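Scroll down for the structure; my scribbles are underneath it.
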Amino acid sequence: MLGAQATVTNLEAQNAVAAATAIKADINTLRHFVANNYQRPTLLLEEQILRAKARRFMAAMPRVQPHFAVKCNPIPEILSIFNDEGVRFEIASKKELEQLIEIGVNPKEAFYSNPIKSPEHLKFAVDNGVEWYVVDCIDELNKVYQAKPDAKFYLRLHTSNEGSTFELSSKFGATGSDVKDIINAAVALKADLAGVTFHAGSQCLNVQNWVIGIRAARSAFDEMLAVGLKPRLLNLGGGYPVELGRPVPSIEEIGAAVSAELAAFPDEVQVIAEPGRFLVADSGHFVCRVAGTATRGGQRWLYLDTGFYGGLMEFDDMPYRLQTDRQGSLINWRLAGPTCDSIDTFKLSYNLPEDLQADDFIYIEAGGAYTNSTASNFNGFDIPDVKII
Ligand SMILES: *Cc1c(COP(=O)(O)O)cnc(C)c1O
(Lines give C-alpha, C1' and ligand atoms only; values in the text may rest on other atoms or scores of the structure.)
Protein backbone atom coordinates (compact mmCIF):
# COMPACT_ATOMS: atom_id res chain seq x y z
CA MET A 1 0.00 0.00 0.00
CA LEU A 2 1.54 3.27 -1.08
CA GLY A 3 0.24 6.11 1.01
CA ALA A 4 1.16 9.05 -1.20
CA GLN A 5 -1.25 11.81 -1.97
CA ALA A 6 -1.57 12.35 -5.66
CA THR A 7 -1.65 15.94 -6.73
CA VAL A 8 -2.53 17.72 -9.91
CA THR A 9 0.73 18.79 -11.42
CA ASN A 10 1.29 21.62 -13.76
CA LEU A 11 0.51 20.68 -17.33
CA GLU A 12 3.72 22.13 -18.77
CA ALA A 13 5.82 20.17 -16.30
CA GLN A 14 3.92 17.04 -17.28
CA ASN A 15 4.54 17.68 -20.93
CA ALA A 16 8.24 18.27 -20.29
CA VAL A 17 8.45 14.91 -18.55
CA ALA A 18 6.56 13.27 -21.40
CA ALA A 19 8.92 14.83 -23.95
CA ALA A 20 11.96 13.75 -21.94
CA THR A 21 10.86 10.13 -21.84
CA ALA A 22 9.32 10.42 -25.32
CA ILE A 23 7.16 7.46 -24.62
CA LYS A 24 4.23 8.77 -22.60
CA ALA A 25 0.84 9.61 -23.97
CA ASP A 26 -0.01 13.30 -24.26
CA ILE A 27 -2.96 14.27 -22.12
CA ASN A 28 -3.93 16.98 -24.62
CA THR A 29 -4.71 14.29 -27.18
CA LEU A 30 -7.19 12.91 -24.70
CA ARG A 31 -8.67 16.33 -23.95
CA HIS A 32 -9.19 16.94 -27.62
CA PHE A 33 -10.74 13.52 -28.15
CA VAL A 34 -13.26 13.62 -25.32
CA ALA A 35 -14.35 17.17 -25.98
CA ASN A 36 -16.48 15.83 -28.84
CA ASN A 37 -16.78 12.11 -28.31
CA TYR A 38 -17.38 11.29 -24.66
CA GLN A 39 -20.18 8.80 -24.01
CA ARG A 40 -18.85 6.78 -21.11
CA PRO A 41 -15.56 6.28 -19.21
CA THR A 42 -12.94 5.75 -21.88
CA LEU A 43 -9.42 4.46 -22.09
CA LEU A 44 -7.63 6.09 -24.99
CA LEU A 45 -4.44 4.30 -26.02
CA GLU A 46 -1.92 5.43 -28.61
CA GLU A 47 -0.77 2.75 -31.02
CA GLN A 48 2.66 4.32 -31.49
CA ILE A 49 3.30 4.19 -27.77
CA LEU A 50 2.15 0.57 -27.47
CA ARG A 51 4.67 -0.24 -30.21
CA ALA A 52 7.39 1.86 -28.60
CA LYS A 53 6.93 0.12 -25.24
CA ALA A 54 7.24 -3.31 -26.84
CA ARG A 55 10.44 -2.23 -28.61
CA ARG A 56 11.86 -0.66 -25.49
CA PHE A 57 11.29 -3.87 -23.52
CA MET A 58 13.01 -5.96 -26.17
CA ALA A 59 15.93 -3.53 -26.43
CA ALA A 60 16.41 -3.58 -22.64
CA MET A 61 16.63 -7.40 -22.55
CA PRO A 62 17.87 -8.63 -25.91
CA ARG A 63 17.91 -12.27 -24.88
CA VAL A 64 14.37 -12.24 -23.50
CA GLN A 65 11.27 -12.86 -25.64
CA PRO A 66 8.31 -10.97 -24.12
CA HIS A 67 4.98 -12.76 -23.85
CA PHE A 68 2.25 -10.23 -23.05
CA ALA A 69 0.05 -11.22 -20.08
CA VAL A 70 -3.31 -11.10 -21.85
CA LYS A 71 -5.28 -10.49 -18.65
CA CYS A 72 -3.75 -7.04 -18.37
CA ASN A 73 -5.67 -5.72 -21.37
CA PRO A 74 -7.22 -8.24 -23.80
CA ILE A 75 -8.58 -5.82 -26.43
CA PRO A 76 -8.05 -7.44 -29.89
CA GLU A 77 -6.39 -4.34 -31.40
CA ILE A 78 -3.85 -4.30 -28.56
CA LEU A 79 -3.11 -8.00 -28.99
CA SER A 80 -2.69 -7.51 -32.75
CA ILE A 81 -0.34 -4.57 -32.33
CA PHE A 82 1.87 -6.57 -29.96
CA ASN A 83 1.72 -9.63 -32.18
CA ASP A 84 2.86 -7.47 -35.06
CA GLU A 85 5.80 -6.21 -32.97
CA GLY A 86 6.95 -9.78 -32.33
CA VAL A 87 5.59 -10.01 -28.79
CA ARG A 88 4.07 -13.40 -27.91
CA PHE A 89 1.46 -14.21 -25.24
CA GLU A 90 0.80 -15.66 -21.80
CA ILE A 91 -2.71 -16.96 -21.05
CA ALA A 92 -4.74 -18.04 -18.03
CA SER A 93 -8.03 -19.22 -19.56
CA LYS A 94 -9.92 -20.59 -22.54
CA LYS A 95 -11.29 -17.18 -23.44
CA GLU A 96 -7.82 -15.63 -23.56
CA LEU A 97 -6.66 -18.40 -25.89
CA GLU A 98 -9.74 -17.91 -28.09
CA GLN A 99 -8.93 -14.23 -28.36
CA LEU A 100 -5.41 -15.08 -29.52
CA ILE A 101 -6.63 -17.64 -32.05
CA GLU A 102 -9.02 -15.01 -33.44
CA ILE A 103 -6.14 -12.69 -34.27
CA GLY A 104 -4.10 -15.50 -35.83
CA VAL A 105 -1.65 -16.36 -33.04
CA ASN A 106 -0.28 -19.90 -33.16
CA PRO A 107 -1.24 -21.61 -29.85
CA LYS A 108 2.11 -23.44 -29.94
CA GLU A 109 3.74 -20.15 -29.03
CA ALA A 110 1.40 -19.33 -26.12
CA PHE A 111 2.33 -20.13 -22.53
CA TYR A 112 -0.40 -21.34 -20.19
CA SER A 113 0.85 -19.72 -16.99
CA ASN A 114 -2.14 -20.14 -14.68
CA PRO A 115 -0.93 -22.57 -11.99
CA ILE A 116 -4.43 -24.07 -11.55
CA LYS A 117 -6.14 -24.70 -14.87
CA SER A 118 -9.89 -25.44 -14.90
CA PRO A 119 -10.40 -28.82 -16.64
CA GLU A 120 -12.60 -27.45 -19.42
CA HIS A 121 -10.11 -24.65 -20.13
CA LEU A 122 -7.23 -27.11 -20.05
CA LYS A 123 -8.97 -29.39 -22.54
CA PHE A 124 -9.52 -26.46 -24.90
CA ALA A 125 -5.83 -25.56 -24.71
CA VAL A 126 -4.75 -29.17 -25.34
CA ASP A 127 -7.19 -29.54 -28.26
CA ASN A 128 -5.87 -26.34 -29.81
CA GLY A 129 -2.21 -27.24 -29.62
CA VAL A 130 -0.86 -25.33 -26.60
CA GLU A 131 2.41 -27.07 -25.66
CA TRP A 132 3.69 -25.23 -22.58
CA TYR A 133 1.95 -25.51 -19.16
CA VAL A 134 3.01 -24.14 -15.80
CA VAL A 135 2.79 -26.31 -12.67
CA ASP A 136 3.51 -25.51 -9.03
CA CYS A 137 2.21 -28.66 -7.31
CA ILE A 138 1.98 -32.41 -7.90
CA ASP A 139 -1.82 -32.46 -8.23
CA GLU A 140 -1.64 -30.09 -11.21
CA LEU A 141 1.27 -31.99 -12.75
CA ASN A 142 -0.84 -35.15 -12.66
CA LYS A 143 -3.92 -33.36 -14.00
CA VAL A 144 -2.15 -31.77 -16.97
CA TYR A 145 -0.12 -34.93 -17.67
CA GLN A 146 -3.33 -36.95 -17.95
CA ALA A 147 -4.76 -34.43 -20.39
CA LYS A 148 -1.51 -34.17 -22.37
CA PRO A 149 1.29 -36.67 -21.66
CA ASP A 150 3.67 -34.89 -24.05
CA ALA A 151 3.13 -31.45 -22.49
CA LYS A 152 6.19 -29.32 -21.78
CA PHE A 153 6.02 -28.23 -18.16
CA TYR A 154 7.63 -25.30 -16.37
CA LEU A 155 7.80 -25.14 -12.62
CA ARG A 156 6.67 -21.98 -10.85
CA LEU A 157 8.84 -21.22 -7.87
CA HIS A 158 7.85 -19.13 -4.90
CA THR A 159 10.40 -16.30 -4.75
CA SER A 160 10.61 -12.88 -3.11
CA ASN A 161 7.82 -10.36 -3.78
CA GLU A 162 9.29 -7.84 -1.34
CA GLY A 163 8.96 -4.29 -2.62
CA SER A 164 6.30 -5.05 -5.18
CA THR A 165 3.02 -3.15 -5.02
CA PHE A 166 0.85 -6.22 -5.52
CA GLU A 167 2.32 -9.43 -4.17
CA LEU A 168 1.57 -12.55 -6.20
CA SER A 169 3.40 -15.18 -4.20
CA SER A 170 0.95 -15.99 -1.40
CA LYS A 171 -1.36 -17.90 -3.73
CA PHE A 172 1.06 -19.67 -6.06
CA GLY A 173 4.58 -21.01 -6.28
CA ALA A 174 6.41 -24.11 -5.05
CA THR A 175 8.81 -23.73 -2.16
CA GLY A 176 11.02 -25.77 0.20
CA SER A 177 10.86 -29.52 -0.16
CA ASP A 178 7.84 -29.25 -2.49
CA VAL A 179 10.23 -28.27 -5.29
CA LYS A 180 12.16 -31.53 -5.03
CA ASP A 181 8.93 -33.53 -4.66
CA ILE A 182 7.53 -32.06 -7.89
CA ILE A 183 10.80 -32.73 -9.72
CA ASN A 184 10.79 -36.33 -8.51
CA ALA A 185 7.12 -36.75 -9.43
CA ALA A 186 7.89 -35.54 -12.97
CA VAL A 187 10.72 -38.08 -13.27
CA ALA A 188 8.44 -40.88 -12.04
CA LEU A 189 5.72 -39.90 -14.53
CA LYS A 190 8.24 -39.38 -17.34
CA ALA A 191 6.76 -35.91 -17.73
CA ASP A 192 8.86 -33.39 -19.64
CA LEU A 193 9.56 -30.87 -16.87
CA ALA A 194 11.41 -28.49 -19.12
CA GLY A 195 11.70 -25.14 -17.41
CA VAL A 196 11.29 -22.81 -14.46
CA THR A 197 9.36 -19.61 -13.80
CA PHE A 198 8.72 -17.17 -10.96
CA HIS A 199 6.83 -13.90 -10.53
CA ALA A 200 8.50 -10.90 -8.89
CA GLY A 201 5.12 -9.38 -7.89
CA SER A 202 3.20 -6.78 -9.90
CA GLN A 203 4.46 -3.18 -10.20
CA CYS A 204 7.67 -4.49 -8.63
CA LEU A 205 10.00 -1.71 -7.48
CA ASN A 206 12.74 -4.04 -6.27
CA VAL A 207 15.20 -5.14 -8.98
CA GLN A 208 16.62 -7.76 -6.59
CA ASN A 209 13.43 -9.81 -6.97
CA TRP A 210 14.46 -10.73 -10.52
CA VAL A 211 18.01 -11.47 -9.41
CA ILE A 212 16.74 -13.70 -6.59
CA GLY A 213 14.26 -15.39 -8.94
CA ILE A 214 16.86 -16.12 -11.62
CA ARG A 215 19.30 -17.55 -9.06
CA ALA A 216 16.55 -19.75 -7.62
CA ALA A 217 15.77 -20.88 -11.16
CA ARG A 218 19.45 -21.73 -11.71
CA SER A 219 19.39 -23.97 -8.62
CA ALA A 220 16.18 -25.63 -9.79
CA PHE A 221 17.77 -26.22 -13.23
CA ASP A 222 20.69 -27.96 -11.47
CA GLU A 223 18.34 -30.15 -9.44
CA MET A 224 16.48 -31.10 -12.61
CA LEU A 225 19.67 -31.88 -14.52
CA ALA A 226 20.88 -34.06 -11.64
CA VAL A 227 17.87 -36.37 -12.03
CA GLY A 228 18.03 -36.57 -15.81
CA LEU A 229 15.46 -33.91 -16.79
CA LYS A 230 16.21 -31.50 -19.64
CA PRO A 231 15.46 -27.95 -18.46
CA ARG A 232 15.59 -25.51 -21.38
CA LEU A 233 13.12 -22.70 -20.60
CA LEU A 234 13.57 -19.84 -18.17
CA ASN A 235 10.44 -17.69 -17.79
CA LEU A 236 11.04 -14.47 -15.87
CA GLY A 237 7.32 -13.75 -15.35
CA GLY A 238 5.87 -10.23 -15.13
CA GLY A 239 5.98 -7.34 -12.69
CA TYR A 240 7.95 -4.70 -14.69
CA PRO A 241 6.77 -1.37 -13.26
CA VAL A 242 5.49 1.83 -14.83
CA GLU A 243 6.26 5.27 -13.60
CA LEU A 244 3.29 7.00 -12.03
CA GLY A 245 3.62 9.57 -9.28
CA ARG A 246 6.96 8.31 -8.00
CA PRO A 247 10.23 6.99 -9.44
CA VAL A 248 10.54 3.31 -10.32
CA PRO A 249 13.50 1.30 -11.62
CA SER A 250 13.63 1.72 -15.39
CA ILE A 251 13.27 -1.26 -17.70
CA GLU A 252 16.88 -0.66 -18.74
CA GLU A 253 18.02 -0.96 -15.12
CA ILE A 254 16.05 -4.20 -14.68
CA GLY A 255 17.32 -5.39 -18.06
CA ALA A 256 20.95 -4.85 -17.06
CA ALA A 257 20.51 -6.82 -13.82
CA VAL A 258 18.62 -9.59 -15.63
CA SER A 259 21.14 -9.82 -18.47
CA ALA A 260 24.04 -10.17 -16.03
CA GLU A 261 22.29 -13.07 -14.25
CA LEU A 262 21.41 -14.78 -17.53
CA ALA A 263 25.11 -15.39 -18.17
CA ALA A 264 24.69 -18.41 -15.86
CA PHE A 265 22.44 -20.07 -18.46
CA PRO A 266 23.80 -21.57 -21.68
CA ASP A 267 22.68 -20.00 -24.98
CA GLU A 268 20.38 -22.93 -25.80
CA VAL A 269 18.13 -22.03 -22.88
CA GLN A 270 15.06 -20.19 -24.17
CA VAL A 271 14.41 -17.11 -22.03
CA ILE A 272 11.01 -15.43 -21.96
CA ALA A 273 9.21 -12.88 -19.77
CA GLU A 274 5.55 -12.07 -19.23
CA PRO A 275 5.20 -8.29 -19.01
CA GLY A 276 1.65 -6.99 -18.65
CA ARG A 277 1.44 -3.59 -17.02
CA PHE A 278 4.71 -2.29 -18.50
CA LEU A 279 3.50 -2.71 -22.07
CA VAL A 280 0.12 -0.98 -21.76
CA ALA A 281 -0.23 1.16 -18.63
CA ASP A 282 1.29 4.41 -19.83
CA SER A 283 0.42 3.99 -23.50
CA GLY A 284 -2.67 6.03 -22.82
CA HIS A 285 -4.93 7.68 -20.32
CA PHE A 286 -8.29 6.96 -18.80
CA VAL A 287 -10.97 9.63 -18.75
CA CYS A 288 -14.11 9.75 -16.66
CA ARG A 289 -16.53 12.40 -15.50
CA VAL A 290 -17.71 13.85 -12.23
CA ALA A 291 -21.15 12.45 -11.38
CA GLY A 292 -21.67 14.80 -8.45
CA THR A 293 -20.04 16.49 -5.47
CA ALA A 294 -20.94 16.64 -1.77
CA THR A 295 -19.73 18.03 1.54
CA ARG A 296 -19.87 15.57 4.43
CA GLY A 297 -18.71 16.73 7.85
CA GLY A 298 -16.60 19.44 6.25
CA GLN A 299 -14.90 17.04 3.79
CA ARG A 300 -15.46 17.56 0.07
CA TRP A 301 -16.43 14.40 -1.85
CA LEU A 302 -16.09 13.85 -5.57
CA TYR A 303 -18.25 11.07 -7.04
CA LEU A 304 -17.07 9.83 -10.42
CA ASP A 305 -18.99 8.03 -13.17
CA THR A 306 -16.64 5.06 -12.70
CA GLY A 307 -14.98 3.52 -9.67
CA PHE A 308 -13.85 0.31 -8.01
CA TYR A 309 -16.24 -1.77 -10.13
CA GLY A 310 -15.79 0.25 -13.30
CA GLY A 311 -12.08 -0.29 -13.81
CA LEU A 312 -10.39 1.58 -10.96
CA MET A 313 -9.89 -1.45 -8.72
CA GLU A 314 -6.19 -0.66 -8.26
CA PHE A 315 -6.76 3.00 -7.47
CA ASP A 316 -5.89 2.70 -3.78
CA ASP A 317 -2.52 1.12 -4.46
CA MET A 318 -1.31 2.99 -7.50
CA PRO A 319 -0.37 6.66 -7.04
CA TYR A 320 -2.18 7.79 -10.17
CA ARG A 321 -1.89 11.38 -11.33
CA LEU A 322 -5.18 13.10 -12.06
CA GLN A 323 -5.80 16.18 -14.15
CA THR A 324 -8.84 18.32 -14.77
CA ASP A 325 -9.78 21.33 -16.88
CA ARG A 326 -10.44 23.57 -13.82
CA GLN A 327 -8.09 26.26 -12.55
CA GLY A 328 -9.40 26.72 -8.98
CA SER A 329 -7.09 26.43 -5.99
CA LEU A 330 -6.37 22.92 -4.84
CA ILE A 331 -8.29 21.42 -1.96
CA ASN A 332 -8.50 17.95 -0.51
CA TRP A 333 -11.17 15.72 -2.05
CA ARG A 334 -12.23 12.19 -1.21
CA LEU A 335 -13.05 10.20 -4.31
CA ALA A 336 -15.74 7.58 -4.81
CA GLY A 337 -17.38 5.68 -7.65
CA PRO A 338 -21.01 5.85 -8.74
CA THR A 339 -22.38 2.61 -7.25
CA CYS A 340 -24.28 2.28 -3.99
CA ASP A 341 -21.64 0.04 -2.42
CA SER A 342 -19.21 1.54 0.08
CA ILE A 343 -16.28 -0.56 -1.23
CA ASP A 344 -16.60 1.87 -4.10
CA THR A 345 -14.75 4.59 -2.14
CA PHE A 346 -11.04 5.34 -2.42
CA LYS A 347 -8.74 5.48 0.58
CA LEU A 348 -6.31 7.97 -0.88
CA SER A 349 -7.50 11.55 -1.04
CA TYR A 350 -6.50 13.88 -3.84
CA ASN A 351 -5.68 17.56 -4.08
CA LEU A 352 -7.83 18.83 -6.92
CA PRO A 353 -9.38 22.20 -7.88
CA GLU A 354 -12.08 23.42 -5.52
CA ASP A 355 -14.39 24.42 -8.36
CA LEU A 356 -14.88 20.92 -9.77
CA GLN A 357 -18.51 20.09 -10.45
CA ALA A 358 -20.80 17.51 -12.08
CA ASP A 359 -19.97 16.71 -15.72
CA ASP A 360 -16.33 17.89 -15.48
CA PHE A 361 -13.76 15.54 -16.97
CA ILE A 362 -11.14 13.79 -14.82
CA TYR A 363 -8.07 12.55 -16.70
CA ILE A 364 -6.24 9.63 -15.10
CA GLU A 365 -2.73 9.29 -16.44
CA ALA A 366 -1.33 5.91 -17.38
CA GLY A 367 -4.55 3.99 -16.78
CA GLY A 368 -4.02 1.36 -19.48
CA ALA A 369 -3.43 -1.71 -17.30
CA TYR A 370 -5.99 -3.68 -15.28
CA THR A 371 -8.70 -1.05 -15.80
CA ASN A 372 -11.12 -2.03 -18.58
CA SER A 373 -10.04 -5.66 -18.08
CA THR A 374 -11.27 -5.71 -14.47
CA ALA A 375 -14.47 -3.66 -14.93
CA SER A 376 -17.98 -5.01 -14.33
CA ASN A 377 -21.47 -3.67 -14.99
CA PHE A 378 -22.39 -3.74 -11.31
CA ASN A 379 -25.33 -1.49 -10.47
CA GLY A 380 -25.99 -0.81 -14.14
CA PHE A 381 -22.97 1.37 -14.89
CA ASP A 382 -21.10 1.08 -18.18
CA ILE A 383 -17.75 -0.64 -18.39
CA PRO A 384 -15.13 1.61 -19.99
CA ASP A 385 -14.85 2.01 -23.70
CA VAL A 386 -11.38 1.50 -25.20
CA LYS A 387 -10.19 3.47 -28.21
CA ILE A 388 -6.88 3.00 -29.96
CA ILE A 389 -5.66 6.00 -31.91
C1 LIG B 1 -0.54 -11.16 -14.12
C2 LIG B 1 0.60 -11.98 -14.54
C3 LIG B 1 1.62 -11.43 -15.32
C4 LIG B 1 1.70 -9.96 -15.64
O5 LIG B 1 2.06 -9.20 -14.53
P6 LIG B 1 2.39 -7.63 -14.67
O7 LIG B 1 2.62 -7.20 -13.29
O8 LIG B 1 1.20 -6.97 -15.30
O9 LIG B 1 3.59 -7.51 -15.54
C10 LIG B 1 2.60 -12.28 -15.80
N11 LIG B 1 2.59 -13.59 -15.52
C12 LIG B 1 1.64 -14.16 -14.76
C13 LIG B 1 1.69 -15.63 -14.49
C14 LIG B 1 0.62 -13.38 -14.23
O15 LIG B 1 -0.32 -13.93 -13.45
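Everything numeric here is computed off the predicted structure, so don't read it as measured data. When reading the values below, keep in mind they use all heavy atoms of this one structure, side chains included, and skip hydrogens, waters and symmetry mates.
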Exercise for review: For residues Val248 and Val242, report the shortest heavy-atom separation together with the two atoms involved.
Suggested key: CG1-O, 3.7 Å
**Study point:** Any pair counted as side-chain hydrogen bond (donor to acceptor under 3.5 Å, both in side chains), so long as it reaches residues 129-140, sequence neighbours left out
**Key:** Lys117-Glu140, Glu131-Lys152, Glu140-Lys143
Practice item. Apply salt bridge (charged side-chain N to carboxylate O under 4.0 Å, His left out) to the pair Lys71 and Glu96, showing each step before the final yes or no. Key: CA-CA 8 Å; Lys71 75 171 183 293; Glu96 289 184 352; over 6 Å; no
Review point. Between the side chains of Ser349 and Asn332, does any donor sit under 3.5 Å from an acceptor?
Key: yes
Check your understanding: How close do Gly213 and Thr159 get, heavy atom to heavy atom, and via which atoms?
Key -> CA-CG2, 4.0 Å
Point to revise | Test side-chain contact (heavy atoms from CB on, under 4.5 Å) applied to Leu302 and Ile362, Asp360, Thr324, the passing residue | key: Ile362
Point to revise | Check against side chain to side chain donor-acceptor pair (under 3.5 Å), Arg277 and Ser202 | key: CA-CA 8 Å; Arg277 186 186 303 282; Ser202 196; 3.1 Å; yes
Practice item. For the pair Asp282 (side chain) and Ala366 (backbone), establish whether a donor and an acceptor sit closer than 3.5 Å, ignoring hydrogens and angles. Key: no
**Study point:** Lys NZ or Arg CZ of Arg31 over Tyr363 ring: under 6.0 Å, within 45°
**Key:** yes
Exercise for review: Please name the pair of heavy atoms, one in Leu234 and one in Ile214, separated by the smallest distance, quoted to 0.1 Å.
Suggested key: CD2-CG2, 4.4 Å
Point to revise | Minimal non-hydrogen separation, Met224 against Pro231, with atom names | key: SD-CB, 3.7 Å
Review point. Is any side-chain N of the basic residue among Arg56 and Glu252 closer than 4.0 Å to the acidic one's carboxylate O?
Key: yes
**Study point:** Test: Arg232 and Asp192 ion pair at under 4.0 Å
**Key:** yes
Point to revise | Phe315: which of Phe308, Tyr370, Tyr350 passes ring pair (Phe, Tyr, Trp, His ring centres under 6.0 Å) | key: Tyr350
Check your understanding: How close do Ala110 and Leu100 get, heavy atom to heavy atom, and via which atoms?
Key -> CB-CD1, 4.4 Å
Check your understanding: Looking only at heavy atoms, which two atoms of Ala60 and Ile251 are closest? And how far apart?
Key -> CB-O, 3.6 Å
Review point. Yes or no on salt bridge (charged side-chain N to carboxylate O under 4.0 Å, His left out) for Arg289 and Asp305, after CA distance, side-chain angles and deciding distance?
Key: CA-CA 6 Å; Arg289 236 170 179 175; Asp305 63 354; over 6 Å; no
Review point. With sequence neighbours left out, which residue pairs that include part of residues 209-218 fulfil the side-chain hydrogen bond (donor to acceptor under 3.5 Å, both in side chains) condition?
Key: Ser160-Asn209, Asn206-Asn209, Trp210-Tyr240, Arg215-Glu261, Arg218-Asp222
**Study point:** With Phe361, the ring pair (Phe, Tyr, Trp, His ring centres under 6.0 Å) member among Tyr38, Phe33, Phe286
**Key:** Tyr38
